[in-house]
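The structure appears right after this line, and notes come after that.
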Amino acid sequence: MNITAKELINYFKEVVDIVEKEKDYLCDLDRKLGDGDHGVTMSIGWQAVNEQLNGKLAEESDCGKISSTVGMTFLNAVGSSVGPLYATGFMRGGKAVKGKSELNDVDLAAYWIAFINGVQERGNAKVGDKTMMDTLIPALEALVVNFDREFIPAFESAVEAGEIGMKSTTDLVSKIGRSSRLGERSKGAQDPGATSAHMILKAFLDFAKVHA
Amino acid sequence: MNITAKELINYFKEVVDIVEKEKDYLCDLDRKLGDGDHGVTMSIGWQAVNEQLNGKLAEESDCGKISSTVGMTFLNAVGSSVGPLYATGFMRGGKAVKGKSELNDVDLAAYWIAFINGVQERGNAKVGDKTMMDTLIPALEALVVNFDREFIPAFESAVEAGEIGMKSTTDLVSKIGRSSRLGERSKGAQDPGATSAHMILKAFLDFAKVHA
Amino acid sequence: MKKLINDKKNVVEEMIDGYVKAHPEYIKRLEENDRALVSAKPKEEGKVAILIGGGSGHEPAFMGYVGDGMADGVAVGNIFASPPPAPILEVTKAIDKGAGVVYLYGNYAGDVMNFGMAAEMAEMEDIEVEMVLASDDVASAPKEEKDKRRGIAGEFFVYKMAGAAADLGYKLKEVADIARKTNDNTRSMGVGLTPCSLPQTGEPSFEIGDDEMEIGLGHHGEPGIRKATLDTADKVTDQLLQPIFEDMEINEGDEVAVLVNGLGSTPRMELYIMFRRVEQVLSEKGIKIYRSYVGDYITSLEMGGASITLTKLDDETKKLVDHPVNTPMFVQK
Amino acid sequence: MKKLINDKKNVVEEMIDGYVKAHPEYIKRLEENDRALVSAKPKEEGKVAILIGGGSGHEPAFMGYVGDGMADGVAVGNIFASPPPAPILEVTKAIDKGAGVVYLYGNYAGDVMNFGMAAEMAEMEDIEVEMVLASDDVASAPKEEKDKRRGIAGEFFVYKMAGAAADLGYKLKEVADIARKTNDNTRSMGVGLTPCSLPQTGEPSFEIGDDEMEIGLGHHGEPGIRKATLDTADKVTDQLLQPIFEDMEINEGDEVAVLVNGLGSTPRMELYIMFRRVEQVLSEKGIKIYRSYVGDYITSLEMGGASITLTKLDDETKKLVDHPVNTPMFVQK
Ligand SMILES: Nc1ncnc2c1ncn2[C@@H]1O[C@H](COP(=O)(O)OP(=O)(O)O)[C@@H](O)[C@H]1O
Ligand SMILES: Nc1ncnc2c1ncn2[C@@H]1O[C@H](COP(=O)(O)OP(=O)(O)O)[C@@H](O)[C@H]1O
Ligand SMILES: [Mg+2]
Ligand SMILES: [Mg+2]
Ligand SMILES: [Mg+2]
Ligand SMILES: [Mg+2]
């Protein structure tokens with residue numbers, strides 16, 4: 001399969017829409033564990049991204065540039081925890097596909113591997129800390145293990161593994177970030193970052209399937 | 001009839017009880033027209049009076065002294081609008097019966113006449129301004145007109161006139177004090193001060209009847 | 001409503017207790033009366049003294065404003081109730097330095113009577129007293145009856161200017177004249193969003209719908225001139241400014257000091273958003289902002305809402321508004 | 001909850017707008033980034049600069065503390081969200097006077113990452129940066145993991161001491177050491193009574209019963225260590241002080257500065273009632289209060305509640321805490 005620059009832009013627009021639709025849900029989750037703003041933050045960030053997608057990036061043909069700009073734009077619009085995390089992801093992903101106007105199966109795998117590694121390096125969280133890494137690390141592992149020339153099946157198992165990871169956060173005691181101060185009381189609610197991370201992956205899977 | 005110093009003290013204790021019972025009602029009225037504290041203020045003042053009645057005044061035999069002390073105590077405990085008003089009333093009443101250990105019919109009439117005149121001089125409000133004077137001035141007039149050696153019948157008509165005056169405040173537009181700023185919106189609620197003034201008079205009537 | 005208090009009967013006592021213990025270098029409680037507080041740094045002999053006071057629940061007003069450049073003493077009343085004459089008199093005696101005392105307070109029936117009685121008593125002790133009543137609230141009476149208006153946040157400017165004048169050595173009459181001039185040149189309008197509650201009753205001070213605001217609300221929760229539907233900060237600000245401009249002689253080229261005052265629970269964020277609009281409107285009219293104050297200056301417990309005050313300045317009051325102040329709750333360099 | 005705002009998307013922008021217009025003599029917005037504010041009175045060449053920052057909604061923190069004796073610049077985040085690296089970097093470049101910049105911020109994942117990224121970028125521009133994270137909230141991690149704790153109102157003392165040290169000409173490393181020492185000697189505990197709400201969601205930040213309080217609450221409304229039944233001010237104060245004493249090396253004869261901080265809507269009356277109890281307990285223990293701060297220093301929009309902070313002083317920090325400050329929201333003579 002091939003994803004063109006234009007299609008990549010459309011994928012990011014899908015994320016914009018999903019975040020708008022899910023922002024209240026993300027805030028609800030964050031109110032239980034943190035300061036209640038995760039949906040607000042995501043929305044602010046993706047709205048800023050949307051402006052770039054419709055503006056400066058509209059005619060951009062370098063997928064790498066598109067993704068890095070998405071990352072920087074998101075970061076500068078939100079700061080917060082997820083700003084540096086997702087921004088680093090999109091910037092590292094962008095770096096991995098720098099200069100390409102189309103992404104083939106290998107590029108796509110490389111993109112998401114770089115993305116997840118970037119987030120991990122930035123935040124230094126491990127599986128079980130009750131963060132977005134509980135979605136992303138299992139997804140990364142499944143992607144790497146299952147990737148064999150074809151992106152979609154491997155990414156399908158990545159999203160599945162991520163979903164399981166996301167759901168596992170409900171019963172975890174948080175070890176990092178704002179919610180870690182709750183101790184035992186952090187049990188019982190799904191981590192908002194793990195949830196938004198899953199949305200981002202899932203959206204890409206759905207998008208890729210349609211464009212395959 | 002005769003009211004002894006001891007009985008006068010008991011009358012004031014009755015007022016203490018009535019105010020405690022009615023303080024929420026007085027606050028409710030004041031919330032509609034003012035700052036909602038009239039019951040609180042009355043309660044603070046009469047509780048302070050009560051301490052004196054059970055303390056320094058317990059053995060006092062000078063009715064004038066008792067009443068002035070009640071006035072000063074009330075004033076220093078509350079300040080506010082009603083502090084100077086009622087305090088001046090009780091101090092002027094006290095002055096009118098200075099040195100007496102028993103109050104006869106004439107003394108009682110003189111006491112209440114001095115009381116009401118005192119309040120009027122302090123606050124300078126007129127009938128129709130929507131204040132306690134709407135209770136007190138009609139009461140004063142009825143007392144003066146009807147007094148003919150016997151206190152109780154004259155005071156009975158005073159309390160009746162005061163009650164009518166009190167009720168009339170509901171439909172008045174306030175012209176003085178906090179509630180005057182409401183303009184037309186002050187209509188529809190009975191004035192809290194007019195209400196507490198009526199309580200004070202009515203309590204004396206009931207008390208005098210029992211002790212007659 | 002929830003309160004962090006002990007016995008509701010003792011809130012004022014315990015507040016004062018905490019206050020004098022927190023700021024012993026600023027403030028002293030008189031032995032003669034525990035509602036009578038004076039500055040720990042007495043004024044020089046021969047200087048006019050400033051006495052302020054009123055009910056509690058308006059903190060920083062009034063007790064927070066005792067110190068260099070503002071008041072020399074304060075009489076503290078019960079919540080939303082004027083102090084009685086006794087503490088006023090004790091403060092008067094303690095702060096008089098032979099040059100007389102100016103009483104500054106808001107125009108409320110209770111304050112008028114209690115301060116009036118105290119002034120009579122002070123005169124019997126041969127202390128000269130001048131009284132100036134703040135009456136800045138445009139909403140509380142028509143223009144023709146300005147002296148019937150109540151005092152709200154604009155009182156702050158009356159203290160500020162009179163305090164500076166006294167500090168600079170103005171005589172009794174002159175300090176009082178400054179206070180009167182300031183009051184004459186000051187207009188305020190408030191808006192209430194959520195009520196407060198007296199510790200003793202726990203009841204909300206007024207009822208208001210989820211989408212309503214009370215325009216012209218007094219700072220004890222006294223109802224305003226009308227209820228309206230809550231609107232944007234800019235439109236609300238305009239609704240507060242309009243009656244001020246209608247009431248005030250103010251023209252292009254004039255200079256003002258602005259106070260956007262929070263009533264208690266409204267965050268500074270919202271006050272600055274309102275200030276932003278005030279600045280826009282004033283600059284459109286060519287009126288220059290000489291100095292701005294944004295924050296909680298005269299509150300009503302935890303009430304939600306704000307007020308806007310404009311005070312027109314001249315060369316003299318510009319100097320006075322710039323004069324430094326050092327009190328426990330307000331410092332200006 | 002009711003808010004006096006315009007478009008909820010623009011609250012931070014408009015707040016900053018109002019802020020810089022209200023205090024042009026204090027504060028300047030950088031052209032390079034509209035979330036980057038610096039003091040209008042630049043420091044002398046060769047002096048260490050102080051950069052603070054964090055999410056909005058904590059006013060007076062953080063933007064209110066830019067001025068003489070405190071910070072030289074501030075990066076302003078969205079509500080309860082760390083600012084991104086860009087404004088931090090711009091402020092860094094603007095305030096560096098060749099002697100380096102100290103970043104002071106609270107220990108939150110977001111701030112750590114964003115300030116960390118900015119520091120890396122600053123180093124690429126040859127600006128030396130030291131970072132000190134406030135971690136004063138006893139409730140947020142066990143004693144053995146103090147560096148995992150979040151920063152709450154105690155950050156104020158970190159700014160105060162470091163700001164004074166920088167003003168007095170301390171070198172980069174020395175200013176950072178003062179900030180670290182202050183943080184090491186500072187402990188806070190908060191209590192929440194009523195939630196706040198983000199302008200964007202309008203939803204209460206936490207749920208709490210009418211007779212409940214949240215002990216150990218964070219200043220973004222993060223749940224605390226336990227819910228308890230609301231008690232008297234004295235008992236609540238004791239519940240906040242106890243874990244502080246258990247955590248802190250503090251003995252008879254020691255001297256402290258105290259901060260009783262309001263979270264937003266809790267009236268000063270209640271803060272002073274709490275202070276009264278703090279003073280009682282400290283004096284029973286023979287601990288001397290050297291200086292007290294009571295008021296809203298680091299808030300959470302209109303949240304109800306308070307926090308208590310103790311910072312242990314030595315001769316050096318006593319001098320630093322006394323050092324004058326002149327910022328738009330905090331002035332000390
Ligand atoms: N170090 C980290 N590594 C990975 N994810 C993290 C880290 N710290 C926090 N997060 C994620 O960030 C999410 C919270 O994001 P958000 O609410 O937007 O930021 P903030 O905590 O600054 O308010 C958490 O749910 C968690 O998944
Ligand atoms: N000048 C006055 N003369 C007579 N009564 C007055 C006057 N001013 C106010 N009052 C009375 O005071 C009452 C309010 O008392 P209260 O609520 O205790 O004091 P405050 O208005 O100071 O809160 C009013 O209901 C009115 O009857
Ligand atoms: Mg969050
Ligand atoms: Mg009243
Ligand atoms: Mg009152
Ligand atoms: Mg946040």
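Residue numbers begin at 1 in each chain, while the letters A, B, ... track the order of the sequences. Small disclaimer: the values here were computed from a predicted structure and weren't measured.
Within 6.0 Å of the CD atom in D:Glu207, the count of heavy atoms belonging to other residues, nucleotides or ligands does not exceed 12. Counting non-hydrogen atoms of neighbouring residues, nucleotides and ligands closer than 6.0 angstrom, the NZ atom of D:Lys21 exceeds 12 such neighbours. Counting heavy-atom neighbours within 6.0 Å of D:Lys333 NZ, excluding the residue itself, gives a total above 12. Taking a 6.0 Å sphere around NZ of C:Lys318, one finds it holds more than 12 heavy atoms contributed by other residues, nucleotides or ligands. Under a cut-off of 6.0 angstrom, the local environment of NZ in D:Lys28 is sparse, with at most 12 non-hydrogen atoms contributed by other residues, nucleotides or ligands.
C:Glu13 does not touch chain D: none of its heavy atoms, backbone or side chain, sits under 4.5 Å away. Contacts of D:Met269 with chain C are made by both backbone and side-chain atoms, with heavy-atom separations under 4.5 Å. Only the backbone of D:Asp210 comes within less than 4.5 Å of a heavy atom of chain C; no side-chain atom from C-beta onward does. Only the side chain of D:Ile79 comes within less than 4.5 Å of a heavy atom in chain C; its backbone stays farther off. Of the atoms belonging to C:Val11, heavy atoms from both backbone and side chain fall under 4.5 Å from chain D.
Inter-residue side-chain proximity for D:Glu302 and C:Thr266 is flagged as unmet; no heavy-atom pair is nearer than 4.5 Å. Looking at C:Asn6 and D:Arg276, their side chains come closer than 4.5 Å, going by heavy atoms from C-beta outward. Proximity of C:Leu193 to D:Leu4: side-chain heavy atoms (C-beta onward) are separated by under 4.5 Å at one or more points. The shortest distance between side-chain heavy atoms of D:Met329 and C:Arg268 falls below 4.5 Å.
Between chain C and the residues D:Ser56, D:Ser265, D:Gly64, the most heavy-atom pairs under 4.5 angstrom are made by D:Ser265. If you tally non-hydrogen atom pairs under 4.5 Å between each of D:Gln280, D:Met274, D:Lys3 and chain C, the highest count goes to D:Lys3. Of the listed residues (D:Gly264, D:Gly57, D:Gly18), the one with the most heavy-atom contacts under 4.5 Å to chain C is D:Gly18. Between chain D and the residues C:Arg277, C:Glu25, C:Lys235, C:Glu212, the largest count of heavy-atom pairs under 4.5 Å involves C:Glu212.
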Check against side chain to side chain contact (heavy atoms under 4.5 Å, CB included), C:Lys2 and D:Thr194: CA-CA 8 Å; C:Lys2 288 178 182 174; D:Thr194 54; 4.3 Å; yes
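Applying the side chain to side chain contact (heavy atoms under 4.5 Å, CB included) rule to D:Asp68 yields the partners D:Lys41, D:Asn326; only residues at least two apart in sequence or on another chain are considered.
Annotation: C:Phe275 is not in aromatic contact with D:His23 [ring centroid separation under 6.0 Å not met].
Below 4.5 Å, heavy atoms of chain D meet heavy atoms from C:Ser292, C:Val294, all part of residues 283-297 of chain C.
Atoms CD and OH, on D:Glu59 and C:Tyr272 in that order, are 9.5 Å from each other to the nearest 0.5 Å. The line from CD1 of D:Ile5 to CG of C:Asp234 is 11.0 Å long, rounded to the nearest 0.5 Å.
Scanning all heavy atoms of the two residues, the minimum distance from D:Ile273 to C:Met15 falls at CG1-N, 3.8 Å.
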